[in-house]
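Okay, structure first, notes after.
One-based numbering along the sequence shown. As the structure lists them, so they are numbered: ligands from 1, and atoms in each ligand from 1.
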Amino acid sequence: MDMERKKITIPDIKRKKEEGRKITMLTAYDYPSGRLIDEAGMDMILVGDSLAMTVLGYESTVPVTMDEMIHHSKAVKRGVRYALLIGDMPFMSYNINEKETIRNAGRFIKEGGCGAVKLEGGVEMADITKTLVKAGIPVLGHIGLTPQTATQLGGFKVQGKDAKNAQRLLDSALALEKAGCFGIVLECVPDRLAKLITEKSSIPTIGIGAGPYCDGQVLVTNDMIGLFDRFTPKFVKKYADLWPELSEAFRKYREEVEGGKFPTEEHSFTMDEAELKKIKTKRKAK
Ligand code: KIV
């Protein structure tokens, strides 16, 4: 399989939409998750700012810093050979001014080893998207529920349920396409609105809680492997349930060490009896 697999490029992602083939994407935060997901054949891997909650234990995605994102991007990159790696721009890393935005996005490419960046926001992000694309940095958009500004949206709610807000999302998708995004994440929008946006835009839509009609799908890895204990959104399908499994493993290890059941001979190193005797003899001679 490795011999035939090629590194995924942005034209490959766009071609998949044209050919009606689904695009696959998951998040990764470190070397093992990057490597496992890449080896599973994923098209794109996002070093999501969900890192903040899933791995770093913050209450929301807001506090995660550029340095933290770059540190984890580098680790993921060491495990990824084929997938297109995307760095998620953290809150306030692209909202202050053009210079700072280009510098931060550039860090994901130069230091983090990413091939693109993602940023949250609609029409209002069109200009900065244009600037980044002009600077040679590919951009993945993200509209609908945008966790960094969830309080402005009334919390973690489905977006675009009425005609006015649905129109706003469609206009945003088209504005981001015009600005040069190579794709758009649609988070928590009704399935038929996602279908309409997918049909109207020529760039791929990647859904998360946006139903089956998007050109591709993304999930937060720690949600889909059951390694996040705080909550599981309705749109997540759990493909594994690691939290209780790991919890049981750690508890059992402690019990076995305390009870003298681990380690046994199986996990110990032996040495020749004669060699052992030599040491004892030497000690006696002293
Ligand atoms: O940070 C993240 O994991 C994301 C996904 C919701 C796409 O942005």
Side-chain angles (χ1 to χ4, degrees), residues 13 22-30 33-34 37 42-66 68-73 75-76 80 83-95 104-105 108 112 114 116-122 125 129 139-150 153 155-159 169 172-173 176 181-189 194 197 203-211 214-228 230-238:
I13 299 296
K22 292 285 185 189
I23 299 158
T24 55
M25 175 165 158
L26 277 176
T27 62
Y29 312 106
D30 53 18
S33 58
I37 292 166
M42 226 58 62
D43 293 315
M44 300 197 281
I45 295 178
L46 174 72
V47 185
D49 66 349
S50 47
L51 165 78
M53 297 172 77
T54 55
V55 172
L56 301 182
Y58 291 124
E59 280 300 313
S60 75
T61 58
V62 168
V64 73
T65 65
M66 268 306 296
E68 287 166 333
M69 291 299 299
I70 294 295
H71 177 79
H72 285 264
S73 299
V76 173
V80 173
L84 176 64
L85 189 62
I86 302 167
D88 203 5
M89 298 201 63
F91 185 58
M92 281 300 140
S93 68
Y94 56 101
N95 322 72
N104 286 328
F108 274 109
C114 295
V117 298
K118 175 173 86 60
L119 49 88
E120 295 183 6
M125 288 299 150
T129 298
V139 179
L140 179 64
H142 181 163
I143 60 172
L145 174 58
T146 44
Q148 291 172 9
T149 47
L153 302 172
F156 287 79
K157 286 181 180 167
V158 180
Q159 300 295 307
L169 288 178
S172 283
L176 290 173
C181 279
F182 72 89
I184 306 171
V185 170
L186 303 180
E187 179 164 354
C188 270
V189 300
I197 295 174
I203 54 172
T205 57
I206 311 294
I208 172 162
C214 296
D215 298 305
Q217 296 292 327
V218 59
L219 282 176
V220 170
T221 290
N222 286 34
D223 286 341
M224 62 85 81
I225 61 172
L227 196 52
F228 184 68
R230 281 193 252 163
F231 57 87
T232 307
K234 170 187 157 72
F235 56 78
V236 172
K237 179 174 174 182
K238 274 193 188 175

So, the side chain of [X] versus the backbone of [Y]: is there a donor-acceptor pair under 3.5 Å, distance only?
| X | Y | value |
| --- | --- | --- |
| Thr146 | Thr149 | no |
| Gln217 | Lys22 | no |
| Thr205 | Asp215 | yes |
| Tyr94 | Glu120 | yes |
| His142 | Val185 | no |

**Asked** Looking only at heavy atoms of His142, does any of them come nearer than 4.0 Å to an atom of ligand 1?
**Response**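 Heavy atoms of His142 do come under 4.0 Å of ligand 1.
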Among all protein heavy atoms in this structure, tell me which lies nearest to [atom], with the distance rounded to 0.1 Å.
| atom | value |
| --- | --- |
| atom 6 (C) of ligand 1 | Glu187 OE1, 3.5 Å |
| atom 4 (C) of ligand 1 | Leu46 CD2, 3.6 Å |
| atom 1 (O) of ligand 1 | Asp49 OD1, 2.8 Å |

Quick check on contacts: which atoms of ligand 1 are under 4.0 angstrom from a heavy atom of [X]?
| X | answer |
| --- | --- |
| Lys118 | 8 (O) |
| Thr27 | 3 (O) |
| Ile208 | 6 (C) |
| Gly48 | 1 (O), 2 (C), 3 (O) |
| Val220 | 3 (O) |

**Message:** Less than 3.5 Å apart, any donor N or O on the side chain of Asp43 or Thr24 sitting next to an acceptor on the other?
**Reply:**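 Thr24 and Asp43 do have a side-chain donor-acceptor pair below 3.5 Å.
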**Prompt:** Any N or O of Asp88 that comes nearer than 3.5 Å to an N or O of ligand 1?
**Reply:**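 So ligand 1 has an N or O lying under 3.5 Å from an N or O of Asp88.
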**Asked** Mind checking whether Ser50 has an N or O less than 3.5 Å away from an N or O of ligand 1?
**Response**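 By distance alone, the answer is yes.
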**Request:** Check Thr61 against ligand 1 and report side chain, backbone, both or neither, counting heavy atoms closer than 4.0 Å.
**Result:**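 For Thr61, there is no contact with ligand 1 at all, from either part.
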**Asked** Heavy atom under 4.0 Å from ligand 1: found in Leu51's side chain, backbone, both, or neither?
**Response**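 Under 4.0 Å from ligand 1, Leu51 contributes no heavy atoms.
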**Request:** Have a look at Thr27 and tell me which of Asp88, Val47, Leu46 forms a side chain to side chain contact (heavy atoms under 4.5 Å, CB included) with it.
**Result:**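 Of all the options given, the one that passes is Leu46.
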**Message:** To the closest 0.5 Å, what do you measure between CG (Leu219) and CD1 (Ile206)?
**Reply:**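 Rounded to the nearest 0.5 Å, the CG-CD1 separation comes out at 12.0 Å.
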**Message:** Using 0.5 Å steps for rounding, measure from the NE2 atom of His72 to the OG atom of Ser33.
**Reply:**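 Spacing of NE2 (His72) from OG (Ser33) equals 10.0 Å.
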